[in-house]
Amino acid sequence: MPTLVIVGAQWGDEAKGKIVDVLGAEADFVVRYSGGNNAGHTVIVAGEEHKFHLLPAGILHPGVTAVLGGGMVVCPPSLLSELDRTGAGGRPIGQLVVSPAAHVVFPYHRLLDQLEEEARGANKIGTTSRGIGPAYTDKVQRHGIRMGEFVRPEIFERRLREVLAVKNRLLSMFGAAEIEFEALFQEYSRYAERLRPHVAEVAPMLQAAVAEGKHVMFEGAQGTFLDLDHGTYPYVTSSHPTAGGACLGTGIGPRDIGSVLGVCKAYTTRVGSGPFPTELTDEVGELIRDQGQEFGTTTGRARRCGWLDLVALRHSCRINSMSGLILTRLDILGGIGDLKVCLGYRRDGMELHSPPSLIEDWSGIEPVYTTVPGWDEDLRSVRGLQDLPQSARDYLELVESHTGVPIAILSIGPARDETAVLRPDLIWAR
Ligand code: IMO
Ligand code: MG
């Protein structure tokens with residue numbers, strides 16, 4: 001069954017976009033299943049940089065059908081401007097299908113995101129302020145407006161009136177200005193008009209594709225530890241980036257998933273607040289940030305950087321039932337000297353070999369490191385294991401032995417060809 005989930009194995013920003021672009025060459029469908037424009041996926045093709053927030057990165061392949069699944073929250077003006085930008089100058093791109101079950105993000109969601117963050121004060125989550133949490137809140141509260149309603153003018157008008165009345169009461173409670181119905185309705189109706197031709201049922205389309213043996217790739221956004229249930233709650237996003245989310249967010253059943261590849265940086269980064277045991281606040285952390293240009297694609301924020309955490313990664317492999325790992329940015333660790341890798345945690349003198357249980361918290365957790373030799377070689381021309389210095393090979397070996405999951409692909413630079421496929425058999429399950 002050639003169906004494949006590409007999932008973020010850490011806290012997001014693992015370079016999923018590049019991988020989806022590379023593997024998208026063989027895909028018939030590339031499907032986003034969760035999140036919204038909080039994601040930032042960068043793809044470089046022929047020296048040209050493309051930044052995606054809502055569109056699946058696979059859309060750069062003209063033969064691909066790019067799908068936004070029902071598990072997503074979609075900001076219409078962002079989606080349209082991304083579509084215009086990507087197809088500019090008549091560039092051939094894949095066709096776009098948006099699920100009628102996806103929820104629409106409105107300006108009141110963005111406003112409430114900011115107001116709620118301010119109200120949290122020192123406990124703020126550090127959201128991307130794209131209205132993601134409030135849009136999912138409306139979904140769970142059974143108050144949200146879905147794409148299917150949005151593109152039907154009479155229904156959209158009735159629903160927006162009903163919801164905006166409540167939102168305006170909320171905004172007043174926060175001391176913010178109310179939003180006027182007519183201007184919002186007119187502006188968003190124009191977006192709805194443009195999106196209408198793209199809105200179509202997703203589950204039957206994908207089920208038929210699977211039955212026909214088509215190549216279907218699910219493009220994860222965010223990462224495992226930002227998952228609402230499996231992440232470092234409350235410092236998480238409001239959706240399900242984990243591989244299970246691919247079923248819920250699209251209408252494919254669990255037995256129709258052929259393989260799950262977890263994308264993992266050779267070190268760790270995190271944006272926003274929350275636990276990060278291997279964070280480096282010293283000059284080594286700065287060096288990694290500089291060498292890796294670790295600044296957010298969506299918000300421009302400097303990312304927190306740290307060593308590779310194999311306790312977290314092993315947990316992530318289990319949560320996602322990973323069939324293989326994709327290790328990215330190995331090139332960035334070059335020239336740093338000895339490297340540390342976290343193999344356990346310690347708290348109050350006790351060693352832990354998995355993340356703290358959900359009835360505890362992360363306070364006082366210290367990483368237990370092993371130190372391994374680094375490398376000075378430029379790895380960007382590496383195309384196979386034989387091109388790697390021994391110390392880098394040992395680094396891969398440590399990752400595989402600690403997680404029990406084989407490394408299927410190495411990414412050693414942002415360009416399409418800066419990729420080494422080590423285990424082609426693990427990519428598309430037949
Ligand atoms: P990609 O797809 C990294 C983080 C935010 C914040 C938390 C909640 O590029 O990997 P939200 O706006 O979702 O309510 O913010 O989640 N976050 C991400 N961090 N990469 C992402 O996406 C992220 N999407 C959300 O920084 O800590
Ligand atoms: Mg990001």
Side-chain angles (χ1 to χ4, degrees), residues 5-21 30 32-43 50-58 68 71-75 78 82 103 105 109-118 120 123-140 218-242 245-246 249 262-265 268-276 279 292-306 316 326 328-329 414:
V5 182
I6 299 292
V7 64
Q10 299 161 310
W11 276 279
D13 303 325
E14 299 93 346
K16 298 176 289 291
K18 172 201 154 158
I19 299 301
V20 169
D21 172 62
V30 179
R32 272 277 306 265
Y33 58 86
S34 75
N37 60 346
N38 46 351
H41 298 175
T42 306
V43 174
H50 302 264
K51 288 183 193 291
F52 296 108
H53 300 285
L54 279 164
L55 286 179
L68 306 192
M72 292 186 69
V73 292
V74 178
C75 168
S78 311
E82 227 171 90
H103 280 250
V105 180
H109 292 128
R110 281 195 299 281
L111 265 172
L112 287 167
D113 197 351
Q114 284 155 23
L115 293 166
E116 285 166 10
E117 276 283 84
E118 279 164 29
R120 283 186 194 107
N123 296 325
K124 76 176 166 59
I125 293 167
T127 72
T128 59
S129 36
R130 297 296 186 274
I132 304 300
Y136 278 113
T137 303
D138 276 5
K139 170 177 173 170
V140 174
F218 297 93
E219 173 177 344
Q222 288 79 51
T224 297
F225 297 109
L226 290 173
D227 187 282
L228 184 56
D229 285 325
H230 297 288
T232 47
Y233 189 89
Y235 302 103
V236 293
T237 189
S238 299
S239 67
H240 296 289
T242 44
V263 189
C264 175
K265 275 179 184 163
T268 311
T269 65
R270 170 161 208 177
V271 251
S273 324
F276 181 178
E279 180 169 15
Q293 278 305 295
E294 293 291 356
F295 298 91
T297 307
T298 302
T299 56
R301 290 179 290 178
R303 294 178 183 143
R304 300 158 66 192
C305 297
S316 173
I326 299 179
T328 65
R329 318 219 76 191

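In each ligand, atom 1 is the first atom listed, and ligand 1 is the first ligand listed.
- Residue S238 has no nitrogen or oxygen atom sitting less than 3.5 Å from a nitrogen or oxygen atom of ligand 1, judged on distance alone.
- The closest donor-acceptor contact from the side chain of R130 to the backbone of T298 lies under 3.5 Å.
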Could you please spell out the steps behind the side-chain contact (heavy atoms from CB on, under 4.5 Å) verdict for T42 and K18?
CA-CA 7 Å; T42 306; K18 172 201 154 158; over 6 Å; no
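- Side-chain atoms of E117 come within 3.5 Å of backbone atoms of T127 as a donor-acceptor pair (strictly under, hydrogens ignored).
- Remark: side-chain polar atoms of Y136 are paired, donor with acceptor, to backbone N or O of G35 under 3.5 angstrom.
- For R130, the closest heavy-atom approach to ligand 1 does not fall below 4.0 Å.
- The distance from ligand 1 to the heavy atoms of I125 drops below 4.0 Å at these ligand atoms: 8 (C), 27 (O).
- Under a 3.5 Å cut-off, the side chain of E82 and the backbone N or O of F52 do not form any donor-acceptor pair.
- Scanning the protein heavy atoms around atom 12 (O) of ligand 1, the nearest turns out to be T128 OG1, 2.6 Å.
- Note on ligand 1: G40 sits in its first shell, one or more heavy atoms being nearer than 4.0 Å.
- At least one N or O atom of T237, backbone or side chain, sits closer than 3.5 Å to an N or O atom of ligand 1.
- Using a 4.0 Å cut-off between heavy atoms, N38 contacts ligand 1 through both its backbone and its side chain.
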Test D13 against K265 for side-chain contact (heavy atoms from CB on, under 4.5 Å), laying out the working first.
CA-CA 8 Å; D13 303 325; K265 275 179 184 163; 3.9 Å; yes
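- The protein heavy atom nearest to atom 1 (P) of ligand 1 is Q222 N, 3.5 Å.
- Given atom 18 (C) of ligand 1, the protein heavy atom at minimum distance is L226 CD1, 3.5 Å.
- Closest to atom 26 (O) of ligand 1 among all protein heavy atoms lies R301 NH2, 2.9 Å.
- Remark: side-chain polar atoms of E14 are paired, donor with acceptor, to backbone N or O of G12 under 3.5 angstrom.
- Protein heavy atom at the shortest distance from atom 27 (O) of ligand 1 is V271 O, 3.1 Å.
- Put simply, the side chain of S316 gets close to the backbone of A9: a donor and an acceptor are under 3.5 Å apart.
- In this comparison of S273, A135, G272, G126, the heavy atom closest to atom 6 (C) of ligand 1 sits on G126.
- Looking at ligand 1, you won't find any N or O of T127 less than 3.5 Å from one of its N or O atoms.
- For R270, the closest heavy-atom approach to ligand 1 does not fall below 4.0 Å.
- Set against the non-hydrogen atoms of A39, the atoms of ligand 1 under 4.0 Å away are 1 (P), 2 (O), 9 (O), 22 (O).
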Take N37 and I132, measure what side-chain contact (heavy atoms from CB on, under 4.5 Å) needs, and give me the verdict at the end.
CA-CA 8 Å; N37 60 346; I132 304 300; 3.9 Å; yes
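- Within D13, OD1 is the N, O or S atom that lies nearest to the Mg ion (ligand 2).
- Each of the following atoms of ligand 1 lies closer than 4.0 Å to a heavy atom of A221: 2 (O).
- Under the 4.0 angstrom criterion for non-hydrogen atoms, G8 is not in contact with ligand 1.
- Looking at heavy atoms from C-beta onward, Y235 lies in side-chain contact with R270 at the 4.5 angstrom threshold.
- Interface atoms of ligand 1 facing W11, defined by a heavy-atom separation under 4.0 Å, are 3 (C), 19 (N).
- Using modelled atom types, one side-chain atom of T224 and one backbone atom of G8 make a donor-acceptor pair closer than 3.5 Å.
- Shortest contact from atom 3 (C) of ligand 1 to any protein heavy atom: D13 OD2, 3.1 Å.
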May I have the step-by-step check of side chain to side chain donor-acceptor pair (under 3.5 Å) for H103 and D138, ending in yes or no?
CA-CA 9 Å; H103 280 250; D138 276 5; over 6 Å; no
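- The contact set between ligand 1 and V236, taken as ligand atoms under 4.0 Å from a residue heavy atom, comprises 7 (C), 8 (C).
- In summary, of the residues considered (R32, E219, H53), a side chain to side chain donor-acceptor pair (under 3.5 Å) with H41 occurs for E219 alone.
- For ligand 1, one of its N or O atoms has an N or O atom of K16 under 3.5 Å away.
- Panel note: side chain S273, backbone K124; a donor-acceptor pair is recorded below 3.5 Å.
- Residue contacts with ligand 1 do not include Y235, since none of its heavy atoms lies under 4.0 Å from the ligand.
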